[in-house]
Number of protein chains: 2
Amino acid sequence: MVAANRSPLSRTVIADAALVLIEEHGFDYLTMRRLGENLGIDAMSLYYYFDNKDDLLDAMLDRLYDSVVISELDAGSGNEFASWLRAIRRMFEHPAAHELYTKRVASSPAGPRGVLWSGTRLLQRGLTPAEAAKAYRLICSFVTGFASSSMYVSAIAEAAKAAPEADDLYVSEFLCHLQQADEEETFEAGLNMLATVLISDLATVTAS
Amino acid sequence: MVAANRSPLSRTVIADAALVLIEEHGFDYLTMRRLGENLGIDAMSLYYYFDNKDDLLDAMLDRLYDSVVISELDAGSGNEFASWLRAIRRMFEHPAAHELYTKRVASSPAGPRGVLWSGTRLLQRGLTPAEAAKAYRLICSFVTGFASSSMYVSAIAEAAKAAPEADDLYVSEFLCHLQQADEEETFEAGLNMLATVLISDLATVTAS
DNA sequence: ACCTGAACACCGTTCAAGT
DNA sequence: ACCTGAACACCGTTCAAGT
């Protein structure tokens, strides 16, 4: 019989608990010991479910990816690709996402899943494999880069205001716009640019 | 008199030594204790030069930025901005760059330096402050995102080959192209796209 | 099958003390 | 001014042992 005061444990349950822990206290708060305590078990019991901490991180990233695919796809609308990219951007708003992604995407099952999904969509749109690869590379760079830079542009712009160059009126206005700009609007502008150049007319970019 | 068997210490000398340590052994190898040993001093002496480890990391990122600006600028060629972006991409080839950038760019002096430099260039090209802010956001997203994804695309594509979807001929060709594509050529395609859309004709993207 | 507890080899950091 | 060494409060992980 399972103890009444806690749900039965599994890799998924533990990974989700770890994500919540980070939501509440930040990435560095997550330690095996604290996670164990939070789940009501000895920290070392976690090694029954995971080989090591990296294995846990991989599972966490995979859970984040799950939440994207399940919730966001309005499949068949003809624009699933764009809405998937928007969902990825939103995924990166989770305080764990960026660190998990850069550290573990190469080893988590989430990595292949993302590439295969995107690649398939691009090929369906009629791109050749070579074009699709180049398009994927540019799109993925923009989306992940945009998401990461979201986290610190505002702080950097704030710090830059103290520099002597910021006495210049245009420069200081530039910095203000950097802080106040609507993230979603800017992201859409980027998607727009990518769609225009890559999908309907990739050849002009491809031809070096 | 300074001991003959080592150069006099300073923040700069120590930060450079830390960068070398990472080049040789990877990011996680860098600990205060190992860095101290490597410099021939007690690890705790490092706290005479740095408030804490984050302070050291900030200094390291600033040193990486230094190497970019000094070496790469063919100023006055009319295309300093593009060559600066290329130099940033090359900076990210240093095994410490990505981790330092994402962790510390918000607090290192390198952050403001980069924003001010880029902003000034964009304004000189005749963009309004609002246009320059949007352009900076998109360019910065692409350049940093491209640099980070360079580190793992190939590994992800390799892993994806094992998935059942990769039995499809087009998909497997797509994955091969992803691994074999010339990084520099793809990066140039991205720069090209940004320059075309943002700098000579930003308005069409800006107008939502 | 699932969990515990002691133990090991590390961390970053503080502080009083040395030259 | 520059450096040391002991000490503190942590880490991740292993392993033999318990139920």
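Convention: sequence-line order gives letters A, B, ...; per-chain numbering from 1.
- One side chain, Ser150(B) or Arg137(A), offers a donor N or O that lies under 3.5 Å from an acceptor on the other.
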Original post:
Dot-bracket for DNA chain C, 5' to 3', counting Watson-Crick or G-U wobble pairs under 3.5 Å, with [ ] for crossing pairs and | for inter-strand pairs?
Top reply: ||.|||||...|||||.||

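- Side-chain atoms of Arg125(A) and Thr120(A) form no donor-acceptor pair, as typed in the model, at a separation below 3.5 Å.
- Using a 4.0 Å cutoff on non-hydrogen atoms, the parts of residues 43-57 of chain A near DNA chain D are Met44(A), Tyr47(A), Asn52(A), Lys53(A), ordered by number.
- Side chain to side chain, Ser107(B) and Arg104(B) meet the donor-acceptor criterion of an N or O pair below 3.5 Å.
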Please list, for nucleotides 8-10 of chain C, all pairs of protein and nucleotide N/O atoms separated by less than 3.5 Å.
none

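- Taking atom CG on Asp28(A) and atom P on dC11(C), their separation rounds to 17 Å, with Å as the unit.
- With salt bridges taken as basic N to acidic carboxylate O contacts below 4.0 Å, none links Lys161(A) and Asp167(A).
- Of the candidates Glu183(B), Gln180(B), Gln179(B), Ser154(B) forms a side chain to side chain contact (heavy atoms under 4.5 Å, CB included) with just one, namely Gln179(B).
- Counting heavy atoms of neighbouring residues, nucleotides and ligands inside a 6.0 Å radius, atom CD of Gln124(B) exceeds 12 of them.
- With hydrogens and angles left out, the side-chain atoms of Thr12(B) and Arg63(B) include no donor and acceptor closer than 3.5 Å.
- A salt bridge does not link Glu184(A) to Arg86(A): none of the charged side-chain nitrogens sits closer than 4.0 Å to a carboxylate oxygen.
- We find that CD of Glu37(B) is positioned 16 Å from C1' of dC3(D), with the value rounded to whole Å.
- Here dC15(D) presents its P atom at 17 Å from CG of Asp42(A), a figure rounded to the nearest Å.
- Note on Asp54(B) versus Lys103(B): no salt bridge recorded, every NZ/NE/NH1/NH2 to OD/OE distance being 4.0 Å or above.
- The pair Asp66(A)-Arg113(A) meets the salt-bridge criterion, with a side-chain N (NZ, NE, NH1 or NH2) lying under 4.0 Å from an Asp/Glu carboxylate O.
- Atom CD1 in Ile41(A) sits about 12 Å away from atom P in dC2(C), given to the nearest Å.
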